[in-house]
Amino acid sequence: MKWSKYFIPTQKQAPKEAETISHKLLIRAGLIDKLSAGVYTYLPLGLKVLRKIENIIREEMNKAGAIELLMPALQPSSLWKESERLDKMGKDMIRFIDRHGREMIFGPTHEEVITDIIRRYIKSWKQLPIILYQIQTKFRDEIRPRFAIIRAREFLMKDAYSFDLDEKGLDKSYNLMKETYIKIFKRCGLNFTIREAESGVIGGKFSEEFVAEGECSELEVGHIFKLGLEYSKSMKAYFLDKDNQEKPIYMGCYGIGVSRIVAAIIEGNYDKNGIIWPFSISPFLVDIIPINMTDSGIVNISEKVYNQLKSNNISVIIDDREESAGVKFKDADLCGFPIQIIVGKKIKDKKLEVKKRKDGEIVEIAIDKVLDYINSLVELESVRI
RNA sequence: CGGGGCGUAGCGCAGUCCGGUUGAGCGCGCUUGGUUUGGGACCAAGAGGUCCUCGGUUCAAAUCCGAGCGCCCCGACCA
């Protein structure tokens, strides 16, 4: 990607409304833009980060045997009457009356919808167990949205639901999801703790939450629940067992705040100059910085390295703007790209500099050895995780 | 929803107390030309505003009064 052709609106100063570090950096690095309280656009760089996280989640969920589907955000409120949650969720739900006079809601979560699907399609013990999940936008009219995307009214969530024959099966699914979550958060570069939690409106007997470390008090980034028979009984989701008995399905549900992870990662990975993305999450792995765009030698080498990395499937952006070196350095640090390749005076010795964002270490590398060096850094990082 | 703060150019702010040479300004950013190019360069010339909105007071309102809207923070609340 060429920086000059891309859209990265960085800012020197954060708006005064931003107080937490992730909020400030998300805006300064041009990742998000506020439309209304708790309602944000993901700008191109922010979207890339979101997609990286989504894909990590997908990979790990799929490995665990979970199956992706996509449910609608719009739901008839009648389903919520069945589960007796319409009043419990209360004003957190965004509701409206459609032109036919039916009350609809924007889904804050999807236990009702998934249970409705399961009760209509799952009839036999032979079809169980099964875990279904989706990555989808949720709507909650929060009492107080805050810290930008940490508590938003519209946010991206991965929600999974397990369906088992009995309690033992539920325990197994639950533990499988717990292990999967640990893998996901580790791959996202998050330090976190797991603790027993209140089940709240979601219900069930037992739940644990994953809390990311950081200065910001919120984050909770994941929450897993043993729902048991709560929904299957109220919504009549039964299966026919081997002994020809009709039995309720044991359920569990498992949420990850995908967009909240973005903020959580920043809260745990930054310095005074900006974001420090983990390799696995960064919108671009490498930022090539030609020190002077009027120096044809520098420009040529920069483009050569850019094309080389690109053709080797390394995610790379080249800062080809006609800006001073200082501006490019500052933006590179602010946006948090893990590796900066600085193309400057040293090209006369056929060398350039590779700087690691995390520790600031700069290594001079021969131009024709850059690809190998970048690959070795990636290798080291993957071993570390 | 209770408490607190804020609303003036894209961002950060001054001006508001004490209404009138402040024909609404500053820094950054933006445009054009030139000089620059190793940590947010310099010179010159420019563009950009319903001073949140509506109403009131007044000869005169960014400034005073009233209502409303929006945003942020604390609390309660919350997958």
Side-chain angles (χ1 to χ4, degrees), chain A residues 9-20 23-24 27-28 30 33-40 85 88-93 107-112 136 138-148 150-153 155-161 177 181 197-204 206-211 216-227 252-260 272-274 289-295 298-299 319 321-335 340-347 352-353 355 360 362 364:
Chain A
T10 60
Q11 294 181 327
K12 280 190 186 179
Q13 286 168 306
K16 66 174 172 211
E17 66 190 35
E19 290 194 14
T20 54
H23 190 173
K24 285 180 185 168
I27 288 173
R28 287 194 53 215
D33 173 74
K34 185 179 74 182
L35 181 62
S36 180
V39 182
Y40 287 83
R85 284 211 298 177
K88 271 190 216 166
M89 267 286 177
K91 288 188 170 174
D92 281 358
M93 283 199 291
T109 178
H110 281 68
E111 282 78 14
E112 280 76 4
Q136 189 232 27
K138 297 282 187 278
F139 297 85
R140 292 185 191 178
D141 195 3
E142 293 287 347
I143 294 174
R144 177 150 91 91
R146 59 178 123 181
F147 313 138
I150 290 180
R151 177 170 295 272
R153 294 197 293 171
F155 60 98
L156 196 65
M157 176 173 169
K158 188 283 307 180
D159 45 326
Y161 305 89
M177 284 298 106
Y181 272 36
E198 296 288 323
S199 294
V201 186
I202 297 298
F206 181 76
S207 82
E208 288 172 292
E209 58 187 6
F210 291 73
V211 183
C216 188
S217 58
E218 301 255 340
L219 290 180
E220 181 189 331
V221 290
H223 202 151
I224 54 179
F225 300 80
K226 288 186 187 178
L227 296 173
C253 73
Y254 316 93
I256 291 179
V258 182
S259 42
R260 189 178 275 184
K272 66 174 170 27
N273 295 313
I289 302 175
I291 261 354
N292 183 348
M293 290 303 289
T294 61
D295 182 319
I298 288 176
V299 171
D319 196 344
R321 294 175 299 170
E322 307 253 349
E323 290 284 357
S324 68
V327 170
K328 295 185 183 185
F329 289 141
K330 290 286 185 187
D331 272 348
D333 285 349
L334 177 61
C335 294
Q340 298 170 17
I341 296 178
I342 300 155
V343 186
K345 293 169 190 164
K346 306 231 163 57
I347 59 166
L352 31 73
E353 291 155 87
K355 178 185 160 186
I362 296 175
E364 287 183 22

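Proteins get letters first, then strands, A, B, ... in listed order; numbering begins at 1 in each. Treat the numbers as computed from the prediction; the structure is a model and nothing was measured.
- Here, B/rC65 and B/rG75 have their P atoms 32 Å apart, quoted to the whole Å.
- With rounding to whole Å, A/His23 atom NE2 is found 12 Å from B/rC71 atom P.
- Comparing B/rC30 with B/rA24, their P atoms sit 28 Å apart, to the nearest whole Å.
- Nucleotide B/rC71 holds its P atom 16 Å from the CZ atom of A/Phe147, rounded to whole Å.
- One finds no salt bridge joining A/Asp295 and A/Lys345 here, because no Lys/Arg side-chain nitrogen approaches an Asp/Glu carboxylate oxygen to under 4.0 Å.
- Residue A/Phe155 is classed as a base contact, given a heavy-atom separation below 4.0 Å to a base.
- Only the P atoms considered, B/rC71 is 15 Å distant from B/rG12, to the nearest whole Å.
- One atom, NZ of A/Lys24, and another, P of B/rC71, lie 20 Å apart when rounded to the nearest Å.
- A/Tyr254 comes within contact range of no nucleotide atom at all, as no heavy-atom separation falls under 4.0 Å.
- Contacts of A/Ala14 with the nucleic acid, taken as non-hydrogen atoms under 4.0 Å apart, involve only primed sugar atoms and P, OP1 or OP2.
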Q. Can you give one letter per nucleotide of nucleotides 28-51 of chain B, 5' to 3': B if a protein heavy atom sits under 4.0 Å from the base, S if only from the sugar-phosphate, - if neither?
A. SS-------BBBBS----------
Between the protein and nucleotides 75-78 of chain B, list every N/O to N/O distance that falls short of 3.5 Å.
| from | atom 1 | to | atom 2 | distance (Å) |
| --- | --- | --- | --- | --- |
| B/rA76 | N6 | A/Arg146 | NH2 | 3.4 |
| B/rC77 | N4 | A/Arg146 | NH2 | 3.4 |
| B/rC78 | O2 | A/Arg151 | NH1 | 2.6 |
| B/rC78 | O2 | A/Arg151 | NH2 | 2.2 |
| B/rC78 | N3 | A/Arg151 | NH2 | 3.0 |

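- Counting non-hydrogen atoms under 4.0 angstrom, A/Pro9 reaches nothing in the nucleic acid.
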